[in-house]
Colleague: 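Quick one: structure below, then a few questions.
Letters A, B, ... mirror the listed sequences (proteins, then strands); counts begin at 1.
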Number of protein chains: 2
Amino acid sequence: MSEATHESKQRLLDAALTVIRAKGYSAARVDDICDAAGLTKGSFFHHFKNKEELAVAAAEYWACTTGKFFASAPYHDAADPLDRVLGYIDFRSAIIQGDLPDYTCLIGTMVQEQYDSNPAIREACERCIYGHAAEVAKDIDLAKARYVPDADWNAMDLAVHSQAVIQGAFIVAKARLSMGVALASVTHLRRYIEFLFSHPKGKA
Amino acid sequence: MSEATHESKQRLLDAALTVIRAKGYSAARVDDICDAAGLTKGSFFHHFKNKEELAVAAAEYWACTTGKFFASAPYHDAADPLDRVLGYIDFRSAIIQGDLPDYTCLIGTMVQEQYDSNPAIREACERCIYGHAAEVAKDIDLAKARYVPDADWNAMDLAVHSQAVIQGAFIVAKARLSMGVALASVTHLRRYIEFLFSHPKGKA
DNA sequence: TATAACATACCAACTGGTCGGTATGGTGAT
DNA sequence: ATCACCATACCGACCAGTTGGTATGTTATA
């Protein structure tokens with residue numbers, strides 16, 4: 001990929017994130033995205049074969065940028081793996097800021113509508129969610145081995161559950177137009193994880 | 001409303017649930033819904049002013065039918081409020097059956113795309129989610145008063161969190177095309193509630 | 001001058017919504 | 001009983017606007 005290509009393509013991808021997160025994938029028109037990017041259809045279809053390809057590229061772009069974003073977050077500095085896990089949760093709380101389209105998830109929005117209609121988009125979303133969950137699961141696994149090695153739950157399951165809670169929090173926040181309810185759910189998630197790590201067998 | 005009116009309108013509403021849950025609101029064409037109902041556009045626009053009005057009616061219909069469905073579920077028979085709360089969670093697990101469009105939530109699907117574009121739909125979704133959460137909160141409140149009256153969380157918050165977990169579970173299930181991951185999240189939710197009710201102060 | 005990057009104009013297909021018309025059934029006067 | 005009158009329910013052809021996508025032309029750059 002040339003660098004020159006990059007800039008306009010990037011702008012289209014960034015525009016896609018904004019528009020799709022606000023309106024959903026189906027309602028997001030190619031022209032909306034072009035307008036948001038300050039470009040035209042000629043440019044759009046020069047860089048992407050069709051709307052679906054843009055969606056897949058947007059999902060991958062999202063996975064890439066959020067991946068770097070989380071990878072560079074300060075919670076990784078903690079020496080204790082459990083502190084990193086809880087730090088991740090706290091970091092997720094901290095980035096719930098501003099307007100809804102700013103903190104909600106492109107992936108959850110797209111997969112909700114397109115899981116049955118568009119396999120390529122669904123698969124890209126699956127890769128993104130599970131890729132991120134696998135990263136989180138690493139620290140969960142280390143923390144589990146250190147503190148509750150015999151607990152009857154596994155790290156990846158808990159990581160995926162965490163993603164589910166966050167996704168669900170966004171939905172409730174959208175219904176209420178309030179980030180407060182999203183934060184409340186993430187707080188419950190944090191407490192659950194604290195519980196899990198203070199009970200050797202994972203039982204109440 | 002005459003009974004004759006009812007039947008076709010009902011068929012359109014039922015068709016709307018099916019089509020919207022499978023394709024999302026934007027991608028659900030009026031003709032798709034008419035086809036699914038075995039009726040024509042003439043009938044559709046006789047019963048509903050426009051597509052938005054159908055969506056709002058569908059949300060209310062959903063709230064009504066699921067409301068009755070949960071109200072008549074056997075978990076209400078338990079004498080202990082905590083058993084009813086856990087019974088509700090188990091019931092939610094039990095109804096995760098069949099294909100994805102059969103157990104996922106119309107409300108979550110619609111509000112995800114339309115929260116910013118269509119206030120009437122968002123408000124209908126908010127009423128539905130919070131109305132259901134308020135019902136669940138009643139038993140949570142009773143159980144809390146009995147077992148952990150001093151805990152530092154409140155019933156409605158936990159009820160809304162439960163809805164968030166369930167909504168999030170659907171999203172992850174859609175990404176993976178698997179109801180197993182949805183069940184896993186609901187299982188985590190159950191364990192969290194068990195934890196909360198075995199710790200007087202709500203602390204780990 | 002060759003090629004990538006973009007703009008402009010355009011099209012065919014589709015979409016929500018309209019409209020004229022029909023079928024059916026109820027009501028009240030004769 | 002029958003007929004005029006009217007309302008509701010429904011049909012399906014149609015329309016105007018929109019949409020994803022294409023064709024063609026222009027500009028920048030190497």
Colleague: To the nearest Å, how far apart are E53(A) CD and dG21(D) C1'?
Modeller: 13 Å
Colleague: Between Y75(B) and D83(B), do the side chains contain an N or O donor and an N or O acceptor separated by less than 3.5 Å?
Modeller: no
Colleague: For F44(A) and dT22(D), give me the distance from atom CZ to atom P, rounded to whole Å.
Modeller: 11 Å
Colleague: Taking the six-membered ring for Trp and the single ring otherwise, decide whether the centroids of F170(A) and Y115(B) are under 6.0 Å apart.
Modeller: no
Colleague: Could you identify which residues of residues 19-43 of chain A place a heavy atom less than 4.0 Å from some atom of DNA chain D, listed by residue number, or say none?
Modeller: A28(A), R29(A), V30(A), K41(A)
Colleague: For the pair made of CZ in F45(B) and P in dG12(D), what is the distance, rounded to whole Å?
Modeller: 16 Å
Colleague: Does a side-chain N or O from H47(A) land closer than 4.0 Å to OP1 or OP2 of dC6(C), or not?
Modeller: yes
Colleague: Could you state the atom-to-atom distance from CD of E52(B) to P of dG17(C) in whole Å?
Modeller: 9 Å
Colleague: Looking only at side chains, do T104(B) and Q112(A) share a donor and an acceptor under 3.5 Å apart?
Modeller: no
Colleague: Without decimals, in angstroms, what is the distance between F48(B) CZ and dC10(D) P?
Modeller: 11 Å
Colleague: Decide if the gap between the ring center of W153(B) and the ring center of Y192(A) is smaller than 6.0 angstrom.
Modeller: no
Colleague: Once you round it to whole Å, what is the distance between C1' of dG16(C) and CG of N50(B)?
Modeller: 9 Å
Colleague: Starting at NZ of K9(B) and ending at P of dC10(D), how long is that distance when rounded to a whole Å?
Modeller: 11 Å
Colleague: So, does H46(A) get its side chain near the phosphate of dA5(C), meaning an N or O under 4.0 Å from OP1 or OP2?
Modeller: yes
Colleague: With under 30° as parallel and over 60° as perpendicular, where do the rings of F70(B) and H132(B) fit, or are they tilted in between?
Modeller: tilted
Colleague: Under a plain distance cut-off of 3.5 Å, with no hydrogens placed, do Y88(B) and R84(B) share a side-chain donor-acceptor pair?
Modeller: no
